[in-house]
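Reckoned from all heavy atoms, side chains included, excluding hydrogens, waters and symmetry mates.
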Amino acid sequence: VQLQASGGGLVQAGGSLSLSCVASGRTLSSYVVGWFRQAPGKEREFVATISWSGDSTRYADSVKGRFTISRDNAKDTAYLQMNSLKPEDTAVYYCAAKRLRMVMAANEYDYWGQGTLVTVSS
């Protein structure tokens with residue numbers, strides 16, 4: 001499956017952005033989807049993940065209550081709604097996919113999108 005992330009941009013602190021991850025090649029409904037981010041000079045970190053059905057989600061503590069992951073399998077698309085953005089949310093955001101169970105470890109995801117840059121100004 002190929003993944004294409006989009007929706008990044010520049011936003012002021014307290015603002016919102018919505019990221020999309022569109023799959024092609026295979027239906028996204030067969031895969032768990034995760035969102036990760038990597039800030040300059042830092043390691044890639046887990047943000048959120050959603051089960052193939054959309055019934056289960058998990059979030060990093062740093063984004064819980066502010067970010068919402070969702071998916072529309074009919075559109076082969078996953079989303080990350082980001083509210084109350086903070087300067088520390090600035091990073092390149094990546095979507096990733098894997099089969100079977102939800103996990104937070106980046107190295108267990110098999111397919112990755114190219115990333116979309118989110119910049120939050122103070």
Side-chain angles (χ1 to χ4, degrees):
V1 61
Q2 292 81 46
L3 302 174
Q4 179 80 29
S6 64
L10 174 63
V11 64
Q12 288 189 331
S16 299
L17 278 176
S18 180
L19 306 183
S20 297
C21 176
V22 179
S24 61
R26 291 188 176 183
T27 177
L28 192 62
S29 61
S30 301
Y31 298 88
V32 167
V33 174
W35 284 96
F36 295 81
R37 66 187 182 186
Q38 188 166 17
K42 294 188 176 181
E43 293 188 354
R44 191 168 299 189
E45 66 173 357
F46 167 77
V47 175
T49 184
I50 188 167
S51 63
W52 66 268
S53 66
D55 289 345
S56 297
T57 58
R58 294 178 72 179
Y59 296 91
D61 288 343
S62 58
V63 307
K64 202 172 294 183
R66 300 188 297 123
F67 292 10
T68 302
I69 189 171
S70 62
R71 65 190 300 158
D72 184 340
N73 286 340
K75 297 182 177 179
D76 286 324
T77 303
Y79 305 95
L80 185 69
Q81 177 65 41
M82 306 185 295
N83 298 328
S84 302
L85 283 161
K86 306 174 180 180
E88 52 263 44
D89 294 318
T90 295
V92 177
Y93 283 71
Y94 299 88
C95 61
K98 66 178 300 290
R99 291 191 182 273
L100 301 178
R101 62 190 182 95
M102 297 160 51
V103 297
M104 297 186 290
N107 62 6
E108 295 201 28
Y109 284 77
D110 300 308
Y111 307 96
W112 290 82
Q114 84 291 358
T116 184
L117 176 62
V118 172
T119 304
V120 184
S121 63
S122 56

What distance do D76 atom CG and S29 atom OG have between them, rounded to the nearest 0.5 Å?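 Atom-to-atom, D76:CG and S29:OG are 6.5 Å apart.
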At what distance, to the nearest 0.5 angstrom, does NZ of K86 lie from OG of S62?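 Result: 8.0 Å between the selected atoms.
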With a 6.0 Å cut-off (strictly less than), is the heavy-atom count around CZ of R58, excluding the residue itself, greater than 12?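 Count not over threshold, so no.
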Any link between [X] and [Y] through a network of hydrophobic side chains (Ile, Leu, Val, Met, Phe, Trp, Tyr) touching at under 4.5 Å?
{"X": "V11", "Y": "Y93", "answer": "yes"}
{"X": "F46", "Y": "M102", "answer": "yes"}
{"X": "I50", "Y": "M104", "answer": "no"}
{"X": "L28", "Y": "I69", "answer": "yes"}
{"X": "Y94", "Y": "F67", "answer": "no"}

Heavy-atom donor-acceptor pair, [X] side chain to [Y] backbone, under 3.5 Å:
{"X": "T90", "Y": "V120", "answer": "yes"}
{"X": "N73", "Y": "W52", "answer": "yes"}
{"X": "R71", "Y": "S51", "answer": "yes"}

Looking only at heavy atoms, which two atoms of [X] and [Y] are closest? And how far apart?
{"X": "S16", "Y": "S84", "result": "OG-N, 4.4 Å"}
{"X": "L10", "Y": "S121", "result": "CD1-CB, 4.3 Å"}
{"X": "E108", "Y": "K98", "result": "O-CE, 3.3 Å"}
{"X": "P87", "Y": "S122", "result": "CG-CB, 3.8 Å"}
{"X": "A23", "Y": "V1", "result": "CB-CG2, 3.7 Å"}
{"X": "G115", "Y": "V92", "result": "CA-CG1, 3.8 Å"}

State, with a plain yes or no, whether a side-chain heavy atom of [X] is found less than 4.5 Å away from one of [Y].
{"X": "Q4", "Y": "Q114", "result": "yes"}
{"X": "D72", "Y": "Y79", "result": "yes"}
{"X": "L3", "Y": "V33", "result": "no"}

Where at least one partner belongs to [range], residue pairs that pass disulfide bond (SG atoms under 2.5 Å apart), sequence neighbours excluded:
{"range": "residues 55-86", "value": "none"}
{"range": "residues 36-75", "value": "none"}
{"range": "residues 29-122", "value": "C21-C95"}

According to the ring pair (Phe, Tyr, Trp, His ring centres under 6.0 Å) rule, which pairs have a member within residues 103-122, sequence neighbours left out?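 Non-adjacent pairs meeting ring pair (Phe, Tyr, Trp, His ring centres under 6.0 Å): Y31-Y111, F36-Y109, F36-W112.
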Partners passing salt bridge (charged side-chain N to carboxylate O under 4.0 Å, His left out) against R37 (at least two apart in sequence or in another chain):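 Per chain and number, R37 pairs via salt bridge (charged side-chain N to carboxylate O under 4.0 Å, His left out) with E45, D89.
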With K64, which residues qualify under salt bridge (charged side-chain N to carboxylate O under 4.0 Å, His left out), at least two apart?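 K64 satisfies salt bridge (charged side-chain N to carboxylate O under 4.0 Å, His left out) with D61 once adjacent residues are dropped.
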